[in-house]
Colleague: 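Quick one: this structure, given as structure tokens, is what I'll be asking you about.
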Amino acid sequence: MPDLKEIAAWLGADFSGNGDLEIRGVQALSKAGPGDIAYVARAKQDVDLSQVRAAALIVAGDSPLAYANRVLVPDPQLAFARLLEYFYPRQPFWTGVAANAYVSAKARLEAGVSVGPFSFIGENTRIGEGTEIHAGVAIYHNVKIGRECLIYANVVIRENVEIGDRVIIHPGAVIGADGFGFGRTAEGGAVKIPQKGRVLIGSGCEIGANTCIDRSTIEETVLEENVKLDNLVQIGHNVRIGRDTAISSQTGISGSTSIGAQVIMGGQVGVADHIQIADGVMIAAKSGVSGSVKTRMIVAGYPHQEIGAWRKNMVLARNLAEMKDKLRLIEKRLKELEEK
Amino acid sequence: MPDLKEIAAWLGADFSGNGDLEIRGVQALSKAGPGDIAYVARAKQDVDLSQVRAAALIVAGDSPLAYANRVLVPDPQLAFARLLEYFYPRQPFWTGVAANAYVSAKARLEAGVSVGPFSFIGENTRIGEGTEIHAGVAIYHNVKIGRECLIYANVVIRENVEIGDRVIIHPGAVIGADGFGFGRTAEGGAVKIPQKGRVLIGSGCEIGANTCIDRSTIEETVLEENVKLDNLVQIGHNVRIGRDTAISSQTGISGSTSIGAQVIMGGQVGVADHIQIADGVMIAAKSGVSGSVKTRMIVAGYPHQEIGAWRKNMVLARNLAEMKDKLRLIEKRLKELEEK
Amino acid sequence: MPDLKEIAAWLGADFSGNGDLEIRGVQALSKAGPGDIAYVARAKQDVDLSQVRAAALIVAGDSPLAYANRVLVPDPQLAFARLLEYFYPRQPFWTGVAANAYVSAKARLEAGVSVGPFSFIGENTRIGEGTEIHAGVAIYHNVKIGRECLIYANVVIRENVEIGDRVIIHPGAVIGADGFGFGRTAEGGAVKIPQKGRVLIGSGCEIGANTCIDRSTIEETVLEENVKLDNLVQIGHNVRIGRDTAISSQTGISGSTSIGAQVIMGGQVGVADHIQIADGVMIAAKSGVSGSVKTRMIVAGYPHQEIGAWRKNMVLARNLAEMKDKLRLIEKRLKELEEK
């Protein structure tokens, strides 16, 4: 079991208090008991320390919180994230290439790649050093995957997709399925438009379970570096998403839309096709964004509005009965005046 | 072919009419013909019997419906459900452990477990008596699954998940993927927070196709007994759901929210994070629940309201043009008065 | 490399200009450079040709656009779709039946069927001529699939499903999972109603990635010919969808609802149970359709309205504050009058 000074050293941080104190594990602040280390987020300094049972706290270097045992770091949440990996190291799913995987003789796997049972690697597909491919994954022909990626079970990656380094793809995600493109005959019959474009996923991206990212007719669908997608998200064909953008569960981005960098979207948002969302925009859950948002702002509602205006309208929309009653009363008073 | 008295005996029920009447199958009331048995729900006694062609009806014991051949039960719908299993017994998907499954030497399978082709069972994973695992299922390391579960094809269950008895998991569902947790660097970069918590699924739960249930940083995501989830549902990290709650398709529950027992949610509902929903609450389809619902009630809309208030507001919201016209008229009359 | 006259001949079309011009590839109009052929949609004739760099254009036979090299066709978009297949022929995923697939001895595969590694074909399942089944697909017992279908990786098709000819099913889709049917005990406990009905998918249908189509208790869930479903769509039990209908991503159709032919739905639409949508209806994205739509019209909103009325209401709903201010002013003026 590590002690406090070892934890601090591992984090490259200073500490105060008893360096020999043994640390059993990490816990949430409200659940931490003797032996646990917890953290106090930089933005939440109003902690009632009399309720805290943790052996030690990770706090910001300039934190005013006077606790017996403290580790002092620039960002307590990120230090806590690193400690989670220290106390819960990830067990490798598989080592080497499983005998019951299928790897095309024309595929190229670099050093340290692991491929679990029942995974399929197609012709001319290249996989970079140290990437882990779990069970039941289907990687089609002519795919390129970078180094140190983590591809969970039952992911499907279609042909001509390119994926950068350190990308995490959660179970059941589908990358590169055909975009939803149809023409109509004169009689109204639906006719499929082939979808042949590539999908490019930048380094550091994370793609949630059962999320879908489509390919387009001929242009590219692009996630820039470090984009984070939650589960059950839909990314339409020919969409481009800027770096560090995070999109919550069950949100859908329609075709040919461009999303800036560091955008944050809540869950169940819908974004229309062929529009632009500027860098840093925040979109509240369940919003329907029907037109471009050209400057950094927070929007909500359907059709979307600046969130302050939306909140005011929401209050009024919930009180329409009151407004109607007022109107009736006004009409009555007016009639009385008119009759005088 | 069974006759009416055999059907009644199998259900442990009384009957009236011709016990020797042969029953060919079960059917919906409107489609049942000679030879079929159908049922009349307890709450729907206003049936025009002249339109009914069924050989026999399953009715509530106190039903006033005078039909020639009747089976009398406490709950006709549940009796009908049992008859469906009688007429359409489920064909086992696979018997025993398939030669082309992968079962870790360190996994422990109890008696009567079946594992279909291309399924993966990891180290230290334990599977209880009589549980069926179909094809292409990936069950990671250190998973515990109870007795008589039914795990359909291509389900993924990540490490350290615990599942009770008689749980049904439909194809493509993902249990225990990482919750969507990110910190931000000072420059706005997204940084992954590791997700190491367990997921606990109670006995009797049913989890729909392609539904996702996430694990949290360090706490537990819990479905209590007999929770029913439809397809494409998202359950965020650190969520707790009470027993007998049913959640319809494409609904999402955000992180750290607690849902009571016997809650019923329609489809495409969104529930915000860190809130509480009381036992027995009903939430209409497409609602956005942005705050706690602390007492048993029916809510609808976004933000949610008590459903009666919501309905009134909806009617008014659809007739705002009328309200605007009234305002214009009032202003005109007012002006006339003022000018006098 | 083909030249213009060869392209025209392959399309069975006339051309004007230099027939010997070599065509390197197809491109979108805005991105096409020398060597590329692009198209101008019939409805978009207002093209600034001075900005076009394409070697040749596919245009409608009666197009007024005067471009040096043209291919003249009845429908430029559909001709372009055919050229995509010419320039990007699909590489077969697999040829023949993989040694590491599982095909029941009681299954029947017609000539030219391919089955990729780790796919499962159950007892008494029949697969028509030329159908391609990729990797990790699970097709249960007693399934019938027609000719020339394309079943992508990790699709699951449950027992007693029937699929027509030339159907495309994208990765991770689930056909025939149990509908979400529960009874309640007197104490409020949820009791599963078995789902034994068939699912019928007509010829020419296309089913998106991770989309789910449920079976019902005893009746049939039906997609008529040429229905197009996008990704992550939910089709409830006992739903019927008419031919050539197209449904966008993340839309859900509740149980026992009937959708007409050539209906078009945007994304994230919710359609209530037990209702009818007439042929040719169009439903805007994010709408909640809570009752039948009995004539061909465009609807939007929740609850849905005719789209013109909805648009007017939306404008007013966003300006409720203005309405409230007017009311306040009117009350003030009224009071002044009353006090005179």
Side-chain angles (χ1 to χ4, degrees), chain A residues 100 102 118-120 122-123 136-138 140-142 154 156 158-159 172 174 177-178 180 182-186 188-194 196 210-212 214 217-219 232 234 236 250 252 254 268 270 272 288 290 301-303 305 309 312-313 316-317 320 323 326-327 330 333-334 337, chain C residues 26-28 31 75 77-78 80-81 84-85 87-88 90-91 93 98 100 116-118 134-136 152-154 168 170-172 206 208-210 226-228 230-232 243-246 248-250 261-262 266-268 280 285-286 314 317-321 323-324 327 330-331 334 337-338:
Chain A
N100 47 4
Y102 172 87
F118 319 126
S119 283
F120 176 98
E123 284 178 26
V137 174
Y140 280 59
H141 310 303
N142 302 310
N154 289 0
V156 178
R158 287 266 311 273
E159 67 275 12
V174 176
D178 289 2
F180 195 59
F182 296 95
R184 290 270 167 194
T185 63
V191 179
K192 180 179 179 66
I193 307 295
K196 303 291 187 178
N210 286 338
T211 279
C212 300
D214 277 359
T217 304
I218 199 163
E219 301 183 276
L232 295 165
Q234 158 74 0
Q250 296 176 324
S254 303
Q268 297 182 343
S290 49
Y302 174 47
Q305 297 183 274
K312 277 183 206 157
N313 273 321
L316 295 169
L320 288 173
M323 219 182 247
K326 262 192 193 161
L327 266 178
I330 286 171
R333 286 161 64 188
L334 205 50
L337 280 176
Chain C
V26 278
Q27 257 303 355
K31 300 207 172 167
D75 188 321
Q77 188 190 27
L78 299 186
F80 185 75
L84 281 164
E85 293 293 4
F87 281 99
Y88 299 91
R90 204 163 54 77
Q91 180 181 2
F93 181 81
N100 47 4
F118 320 125
H134 293 186
Y152 282 98
N154 290 0
I168 300 173
H170 291 286
E206 185 162 348
N210 287 338
N226 215 34
V227 170
K228 308 296 185 184
D230 199 354
N231 302 337
L232 296 165
R243 64 180 299 155
D244 288 315
T245 283
S248 298
S249 181
Q250 297 176 323
Q262 296 189 4
Q268 297 182 343
K286 263 191 176 306
M314 276 299 112
R318 290 169 64 125
N319 293 295
L320 289 173
M323 218 182 248
K324 198 186 175 189
L327 267 179
I330 286 170
E331 283 177 319
L334 203 50
L337 281 176
E338 286 166 340

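By convention in this document, chain letters (A, B, ...) are assigned in the order of the sequence lines, proteins followed by strands, and residues within each chain are numbered from 1. These numbers were taken from a predicted model, which means no experiment stands behind them.
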Colleague: Considering only heavy atoms, which portion of C:F80 lies under 4.5 Å from any heavy atom of chain A: side chain, backbone, both, or neither?
Modeller: side chain
Colleague: Could you tell me which of C:Q77, C:Q262, C:H170, C:K286 has the largest number of non-hydrogen atom pairs under 4.5 Å with chain A?
Modeller: C:K286
Colleague: Relative to chain A, which segment of C:Q268 carries a heavy atom at a distance below 4.5 Å: side chain, backbone, both, or neither?
Modeller: side chain
Colleague: Could you please spell out the steps behind the side-chain contact (heavy atoms from CB on, under 4.5 Å) verdict for A:Y102 and C:N100?
Modeller: CA-CA 9 Å; A:Y102 172 87; C:N100 47 4; 4.2 Å; yes
Colleague: If you count heavy-atom pairs under 4.5 Å between each of A:K312, A:Q234, A:E219 and chain C, which one has the most?
Modeller: A:Q234
Colleague: If every non-hydrogen atom of C:A285 is compared with every non-hydrogen atom of A:Y302, which pair is closest and at what distance?
Modeller: O-OH, 3.2 Å
Colleague: With a 4.5 angstrom heavy-atom cut-off, which part of C:L320 approaches chain A: side chain, backbone, both or neither?
Modeller: both
Colleague: For chain C, which of A:A138, A:G136, A:G270 has the most heavy-atom pairs under 4.5 Å?
Modeller: A:G270
Colleague: Could you tell me which portion of C:L78 (side chain, backbone, both or neither) has an atom closer than 4.5 angstrom to a non-hydrogen atom of chain A?
Modeller: side chain
Colleague: Pick whichever of A:T211, A:L334, A:N210, A:V191 has the most heavy-atom pairs under 4.5 Å with chain C.
Modeller: A:N210
Colleague: Given 3.5 Å as the limit, does a donor-acceptor pair link the side chain of A:N313 with the main chain of C:R318, or not?
Modeller: yes
Colleague: Which region of C:Q250, side chain (C-beta onward) or backbone (N, CA, C, O), has a non-hydrogen atom less than 4.5 Å from a non-hydrogen atom of chain A, or is it both or neither?
Modeller: side chain
Colleague: Quick one: pull up CG in A:N154 and CG in C:N154 and give me the separation to the nearest 0.5 Å.
Modeller: 5.0 Å
Colleague: Does any backbone or side-chain atom of C:A317 lie under 4.5 Å from a heavy atom of chain A? Answer side chain, backbone, both or neither.
Modeller: backbone
Colleague: Hey, what do you get for OG1 (A:T217) to CD (C:Q27), rounding to the nearest 0.5 Å?
Modeller: 11.0 Å
Colleague: Heavy-atom distances under 4.5 Å only: say whether C:R90 touches chain A with side chain, backbone, both or neither.
Modeller: both
Colleague: Just so I understand: if I count every heavy-atom pair under 4.5 Å between each of A:E159, A:K192, A:E123 and chain C, which residue has the most?
Modeller: A:K192
Colleague: With a 4.5 Å cut-off on side-chain heavy atoms, are A:Y140 and C:Q91 touching?
Modeller: no
Colleague: Heavy atoms only, distances under 4.5 angstrom: which of A:V137, A:L232, A:D178 has the most pairs with chain C? Name it, please.
Modeller: A:D178
Colleague: Could you grab the distance from atom CE of A:M323 to atom CE of C:M323, nearest 0.5 Å is fine?
Modeller: 7.0 Å
Colleague: Taking side chain as everything from C-beta outward and backbone as N, CA, C, O, which of these in C:D75 sits under 4.5 Å from a heavy atom of chain A? Side chain, backbone, both or neither.
Modeller: side chain
Colleague: Between C:A135, C:S249, C:G172, C:A98, who has the most heavy-atom pairs with chain A when the cutoff is under 4.5 Å?
Modeller: C:S249
Colleague: State the CZ-NZ distance between C:F87 and A:K196, to the nearest 0.5 angstrom.
Modeller: 13.0 Å
Colleague: Checking the side chain of C:D230 only, and the main-chain atoms of C:S248 only, is there a donor and an acceptor separated by less than 3.5 Å?
Modeller: no
Colleague: Which atoms form the tightest heavy-atom contact between A:I193 and C:A81, and what is the distance?
Modeller: CD1-CB, 3.8 Å
Colleague: If I measure from the heavy atoms of chain A, does C:V26 come under 4.5 Å with its side chain, its backbone, both, or neither?
Modeller: both
Colleague: Please give me the minimum heavy-atom distance between C:A209 and A:A177, naming the atom from each residue.
Modeller: CB-CB, 4.2 Å
Colleague: Heavy-atom distance under 4.5 Å to chain A: side chain of C:E206, backbone, both or neither?
Modeller: side chain
Colleague: I need the residue from A:G236, A:A186, A:G252 with the largest number of non-hydrogen atom pairs under 4.5 Å to chain C.
Modeller: A:G252
Colleague: Which bit of A:R158 comes within less than 4.5 Å of chain C, counting heavy atoms only: side chain, backbone, both or neither?
Modeller: side chain
Colleague: I need the A:R333 CZ to C:I330 CD1 distance, nearest 0.5 Å.
Modeller: 11.0 Å
